[in-house]
Amino acid sequence: MPLSAVLFSLVTITLWSFLGYLGASLADVPPLLITGLALSISGLVGMLRIRDWKVPLKTLLVGIGGIFGYHFFYFTGLQHAPVVEANLVNYLWPLLIVLLAPLFLHGYRLRTNHILGALLGLIGAALIATGGRVSLDIANLPGYLSVALAAFLWASYSLLIKRLPHFPTGAVGGFCFFSGLLSLGIFSVQSKSVPSLTALNGANWLHVALLGAGPLGTAFFTWDRAMKTGDPRIVGSLAYLTPMTSTMLLVFAGSQAFNWVSLTAMLLIIAGALVGSLDLFKKETRASMTS
């Protein structure tokens, strides 16, 4: 796995880390409206490479299905299940990337360190999402299933962009733009009204713009590069660093307390990322021995 793929993964994780902080500042704005606006902004900026948007229909549908589908079913799940439990189910997507890699892609057999690393990351992410307290209620099953579908769609999209015939990363701007329009359309249907953009104040617009520039914008482009050039089994393990770095950002911002659960979760996630990425260290060792 080239170093550039690791760097693209880490840049994506860093950008996604700001999602919780920026999302918290927009708590009074409907999530689907935020998503639609942020993705549309990302798509508008992506029009600088609009020539790259010319891709096969299959590729376009995979892109929209991954980006729009994930957010739609995630937010739908949040309407039918508690946030804590829903987020726990949502963090299955990095594990699914690791486990499904052999099914979607040739030449990516699972080894013990890949599975163990992903499981350690999942446990750490679960501790962060639940604070060590979780109570799954069968009455919330529709919500859990919706979020599980969102996780599956994102894992599938992440693997398919490596499997599909090569397409330019600039096409991701088109995926974002059309996903944004779909999100705004669904929001209008659900709320039975046209989105009132004047209802957002200056601070709201700033945070929406930052979302469109970072977690819901540039991050999708760097994720595309990470998945295309990297080993999905390793990238999936590294992805569990996202909830950890997001939590640390909230702690530094004073929005969340740091306790033993957070520390345990951090250690598990770091251990999972290291175990899941052992192949990188093995290759470096072999390279140094042969040089």
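This chain uses plain numbering: 1 for the first residue, then up along the sequence.
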Single-linkage hydrophobic cluster Ile234~Val11, side-chain heavy atoms < 4.5 angstrom: no

Exam field: side chain Arg51 to backbone Gly170, donor-acceptor pair closer than 3.5 Å: no

Minimal non-hydrogen separation, Cys176 against Gly43, with atom names: CB-N, 4.2 Å

Sidechain-backbone polar pair: Ser246 side chain, Thr242 backbone, donor-acceptor under 3.5 Å: no

Geometric class of the Trp154/Trp93 ring pair [parallel <30°, tilted 30-60°, perpendicular >60°]: perpendicular

Atom pair CG (Leu274) and CG (Leu238), whose distance is rounded to the nearest 0.5 Å: 9.0 Å

Heavy-atom side-chain proximity of Leu39 to Phe177 below 4.5 angstrom: no

Thr12 (side chain) donor-acceptor with Phe8 (main chain) under 3.5 angstrom: yes

Heavy-atom pair of closest approach, residues Leu78 and Ala86: CD2-CB, 3.5 Å

Residues Phe175, Thr59; criterion side-chain contact (heavy atoms from CB on, under 4.5 Å); working and verdict: CA-CA 9 Å; Phe175 302 163; Thr59 300; 4.0 Å; yes

Any Phe72 side-chain heavy atom under 4.5 Å of Leu182 side chain: no

Minimum side-chain heavy-atom gap Phe221-Arg49 below 4.5 Å: no

pair Trp53-Met47: side-chain heavy atoms closer than 4.5 Å: yes

Ring-ring centroid check Trp223 Phe220, cutoff 6.0 Å: no

Thr169 and Asp52: CA distance, side-chain angles, deciding distance, side-chain contact (heavy atoms from CB on, under 4.5 Å) verdict: CA-CA 8 Å; Thr169 296; Asp52 291 344; over 6 Å; no

Shortest non-hydrogen separation from Ala38 to Leu216 and the atoms involved: CB-CD1, 3.7 Å

Shortest non-hydrogen contact between Phe104 and Arg163, atoms and distance: O-CD, 3.1 Å

Over 12 non-hydrogen atoms of neighbours within 6.0 angstrom of OH in Tyr108: yes

Residue pair Ser25 / His207, side-chain donor-acceptor N/O under 3.5 Å: yes

Linked, directly or transitively: Leu149 and Ile186 (ILVMFWY side chains, under 4.5 Å): yes

Same apolar cluster (I L V M F W Y, side chains within < 4.5 Å links), Leu95/Leu153: yes

Leu267 side chain near Thr264 side chain, heavy-atom distance below 4.5 Å: no

Between OH on residue Tyr157 and CG on residue Leu159, distance to nearest 0.5 Å: 11.5 Å

Distance in Å, Met266 CE paired with Leu241 CG, rounded so as to fall on 0.5 Å steps: 10.0 Å

Flag side-chain contact, heavy atom, 4.5 Å: Ile115 against Thr112: no

Ile64-Leu181 co-clustered via ILVMFWY side chain contacts under 4.5 Å: yes

4.5 Å side-chain heavy-atom contact, Pro232 and Lys162: yes

Other residues, nucleotides, ligands: >12 heavy atoms within 6.0 Å of Asp28 CG: no

Approximate separation, where rounding is to 0.5 Å, of Leu160 CG and Met227 CE: 9.5 Å

Cluster overlap Leu19 with Ile41, hydrophobic side-chain contacts below 4.5 Å: yes

Validation row: Asp224, Phe167 side chains within 4.5 angstrom (heavy atoms): yes

Spacing of Asn140 atom CG and Ser146 atom OG [to the nearest 0.5 Å]: 12.5 Å

Atom pair CE/OG of Met248 and Ser17 - distance to nearest 0.5 Å: 11.0 Å

Closest heavy-atom pair and its distance - Ile269, Tyr240: CG2-O, 3.1 Å

Tyr74, Phe68, Phe75 screened by side-chain contact (heavy atoms from CB on, under 4.5 Å) with His71, the one that passes: Phe75

With Leu37, the side-chain contact (heavy atoms from CB on, under 4.5 Å) member among Val208, Val29, Leu32: Val208

Closest heavy-atom pair and its distance - Thr245, Ile13: OG1-CG2, 3.9 Å

CA sep, side-chain torsions, deciding dist, call: Leu211, Leu26, side-chain contact (heavy atoms from CB on, under 4.5 Å): CA-CA 10 Å; Leu211 279 173; Leu26 291 164; 3.7 Å; yes

Audit row: Val275, Ser237, side-chain contact (heavy atoms from CB on, under 4.5 Å) steps and yes/no: CA-CA 8 Å; Val275 171; Ser237 295; over 6 Å; no

Residue list, salt bridge (charged side-chain N to carboxylate O under 4.0 Å, His left out) with Lys58, at least two apart or on another chain: none

